[in-house]
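First up is the structure itself, then whatever we jot down about it.
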Amino acid sequence: MPILNKPIIFDRNNFGNGFEKGIKGRPIDIVLEIRESGLKGRGGAGFPTGTKWMLAATAVSPKKYVICNADEGEPGTFKDRLLLTEYTDELLQGMILCGYAIGAKEGYIYLRGEYEYMLSHINGVINKFHEEGKLGKGIFGKNFDFDISVRLGSGAYVCGEESALIESLEGHRGEPRNRPPYPVNTGYMGYPTVVNNVETLVSVPIIINKGAEWFRNIGTEKSRGTKLLSISGDVERPGIYEVPFGTKIIDMLEMVRAKDTKAVQIGGASGICIPEEELHRNLSFEDVPTGGSIIVFNKSRDMLKILKNFMEFFTEESCGQCTPCRVGNKKLLDGVNMIEQGKCSVKYLRELIDLGRTMQVSSKCGLGQSSPNPFITIMTHFGDEILAEHY
Amino acid sequence: MLASEVSALNEEIQELVQTLGNGRQALMPILQHIQRKHGYISAHAQQEVARLLKIHPVEVDGVVTFYAFFRKGRRAKYNIRLCQTISCDLMNKDGIAKTFERELGIKFGEVTKDEKYSLEFISCLGMCDQGPAMLINNEVYTNLTPRKVVDILNSLK
Ligand SMILES: Cc1cc2nc3c(=O)[nH]c(=O)nc-3n(C[C@H](O)[C@H](O)[C@H](O)COP(=O)(O)O)c2cc1C
Ligand code: SF4
């Protein structure tokens with residue numbers, strides 16, 4: 001399935017020969033161009049890609065690695081599915097350009113187990129690249145060797161977190177590491193490693209082709225470029241869309257013909273719930289950031305049932321390594337069940353919201369830090385409605 | 001297990017180690033192969049993998065139990081995994097779940113007596129725009145309706 005509206009950055013006319021141009025030039029020029037473009041990571045955290053690559057490029061090490069994070073596990077996200085199947089060439093090009101830029105010889109695509117059916121397609125494109133001299137030894141006649149292999153996940157949401165992903169690649173349980181050190185410093189097998197989202201990497205050959213200046217002119221000051229959105233829920237036309245950063249939520253809803261919208265969950269289960277009164281807010285790192293998951297709820301929906309679904313997800317997916325997340329998510333889920341049975345006092349609900357705030361600051365990784373987001377935002381905006389309906 | 005099965009499994013694991021490597025980073029791909037081929041990873045398979053990778057069996061068990069897709073016990077011929085995440089839930093996942101339970105006479109989390117079908121829930125499959133969605137073994141099914149579920153079950157033999 002294609003991008004449903006008119007693509008902007010991901011328009012095929014923009015691809016050109018960015019890949020060749022990049023490899024024929026100097027590695028540092030790629031890093032500088034990406035830094036200049038203002039590209040930020042599309043996997044959720046939004047770290048500036050150029051800065052990450054500069055850190056990896058300047059690290060002195062006998063080995064370095066490039067990892068494409070294709071774990072796409074955030075509930076409601078499916079845009080990488082499109083890129084992995086229909087922009088596979090550009091994804092590999094982005095990884096090779098990264099390898100050339102930072103001085104790595106090997107790259108891995110960590111593909112979620114649920115996407116195993118894509119494996120033969122991706123491996124086919126990798127083989128084609130080998131035949132065309134774009135992978136392997138002496139790429140484009142340069143003194144540059146690079147190879148890519150695909151590794152599968154096995155059904156663990158937390159493995160999308162980059163340090164857990166690396167643990168998994170190394171053959172361990174996918175338990176997040178303490179940060180720092182960050183992967184750019186101590187990554188796969190202890191070597192400097194760049195981990196980037198699929199969408200981030202696909203953007204790279206396009207930016208090299210069209211230039212940083214062109215890219216900077218799209219989006220907002222702190223959020224350059226566009227975002228691919230995976231839109232599902234109560235809308236007439238669910239699917240994948242590309243919008244410039246800064247797009248108002250209400251305009252996005254009109255684009256997908258959402259009717260009677262009550263609330264929009266932005267950023268998936270770990271994102272925030274935006275009520276009707278706040279639909280004028282916009283999608284950007286400055287206002288409402290998102291890895292691309294947009295789930296729309298209409299007025300017939302029971303917000304408590306939605307919250308329960310999210311909390312069941314987190315209790316299931318917490319790796320259990322640290323207490324705030326392991327115990328906290330369980331308590332929040334118990335709280336939701338108490339509300340459902342009419343047994344939760346307003347006082348206890350306030351305590352639970354405070355617990356959520358504690359989890360945000362004291363959990364070890366992004367899973368526990370963001371898992372209270374839906375609880376806090378849904379209870380803040382819909383708490384009265386929910387308590388009135390459950391007594 | 002029969003002695004002949006044991007030696008076939010040992011041989012298979014040795015071959016896997018030869019092609020995928022005997023470093024710790026080969027553990028996941030090796031387990032994934034065994035899981036794919038047999039539908040589960042037996043205690044014996046775990047021990048053999050541990051021996052060849054020179055790691056403690058407890059380490060292998062720790063990995064097998066961590067990942068949702070690895071099984072320690074035999075699995076039904078058709079492992080039906082219905083997405084329970086919110087977008088599929090909004091699109092009547094409950095109705096689909098009920099249809100499966102009615103048609104197979106078991107609940108989610110159970111296996112039919114003839115070990116032909118098992119019902120499980122799974123987290124987001126990335127098919128949220130085409131929900132409700134499910135996996136049967138490794139195959140994806142989307143836009144499910146109760147009617148479609150009955151047809152699919154009839155087509156599985
Ligand atoms: C629980 C959790 C799950 C994550 N899942 C993903 C994922 O599926 N894909 C992804 O690209 N990043 C995911 N991330 C973010 C990664 O840790 C990391 O920031 C990202 O891969 C970096 O790439 P980027 O800078 O290109 O976004 C996740 C983070 C957390 C805490
Ligand atoms: S926050 Fe949750 S997922 Fe992250 S390390 Fe702690 S227990 Fe594991």
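What you see is a predicted model; the values in this text were computed from it and never measured. Proteins come first, then strands; the chains are lettered A, B, ... in the order of their sequence lines, and each starts at number 1.
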- request: Write out, in numerical order, the residues from residues 155-168 of chain A with a heavy atom short of 4.5 Å from a heavy atom in chain B.
  value: A/Gly155, A/Ala156, A/Val158, A/Cys159, A/Ser168
query: What are the residues of residues 306-315 of chain A, in order of number, with any heavy atom under 4.5 angstrom from a heavy atom of chain B?
result: A/Ile306, A/Asn309, A/Phe310, A/Phe313
Atom [atom1] of [X]: over 12 foreign heavy atoms under 6.0 Å:
X: A/Lys105; atom1: NZ; answer: no
X: A/Lys299; atom1: NZ; answer: yes
X: A/Lys63; atom1: NZ; answer: no

- prompt: Quick one: what part of B/Val140 sits under 4.5 Å from any heavy atom of chain A, side chain, backbone, both or neither?
  reply: side chain
- request: Please state whether the side chain, the backbone, both or neither of B/Gln35 comes within less than 4.5 Å of a heavy atom of chain A.
  value: neither
Over all atoms of both residues, closest heavy-atom pair of [X] and [Y]:
X: A/Gly171; Y: B/Leu27; result: O-CD2, 3.4 Å
X: A/Ser154; Y: B/Gln32; result: OG-NE2, 3.0 Å
X: B/Ser87; Y: A/Gly76; result: OG-CA, 4.3 Å

Chain B contact via [X] - side chain, backbone, both or neither, heavy atoms under 4.5 Å:
X: A/Leu169; answer: backbone
X: A/Arg81; answer: side chain
X: A/Ser230; answer: neither
X: A/Arg301; answer: side chain

Quick one: does [X]'s side chain get under 4.5 Å of [Y]'s, heavy atoms only?
X: A/Glu170; Y: B/Arg24; value: no
X: A/Glu175; Y: B/Phe66; value: yes
X: B/Met28; Y: A/His172; value: no

- prompt: Are A/Leu152 and B/Arg36 close enough, and set up right, to give a side-chain contact (heavy atoms from CB on, under 4.5 Å), and what steps lead you there?
  reply: CA-CA 12 Å; A/Leu152 286 167; B/Arg36 196 177 301 127; 3.7 Å; yes
Side-chain donor-acceptor contact under 3.5 Å, B/Ser123 with A/Glu316: no
- prompt: When you measure from the side chain of A/Glu114 to the backbone N and O of B/Gly126, does any donor-acceptor pair fall under 3.5 Å?
  reply: no
- prompt: With the threshold set at 4.0 Å, does a side-chain nitrogen-carboxylate oxygen contact exist between A/Lys305 and B/Asp94?
  reply: yes
- prompt: Taking every heavy-atom pair that is under 4.5 Å apart, which of B/Val64, B/Ile86, B/Thr85, B/Val63 has the most such pairs with chain A?
  reply: B/Ile86
- prompt: Would A/Phe297 and B/Leu90 count as a side-chain contact (heavy atoms from CB on, under 4.5 Å) if you check the C-alpha gap in whole Å, the side-chain angles of each, and the deciding distance to 0.1 Å?
  reply: CA-CA 9 Å; A/Phe297 309 119; B/Leu90 296 175; 3.8 Å; yes
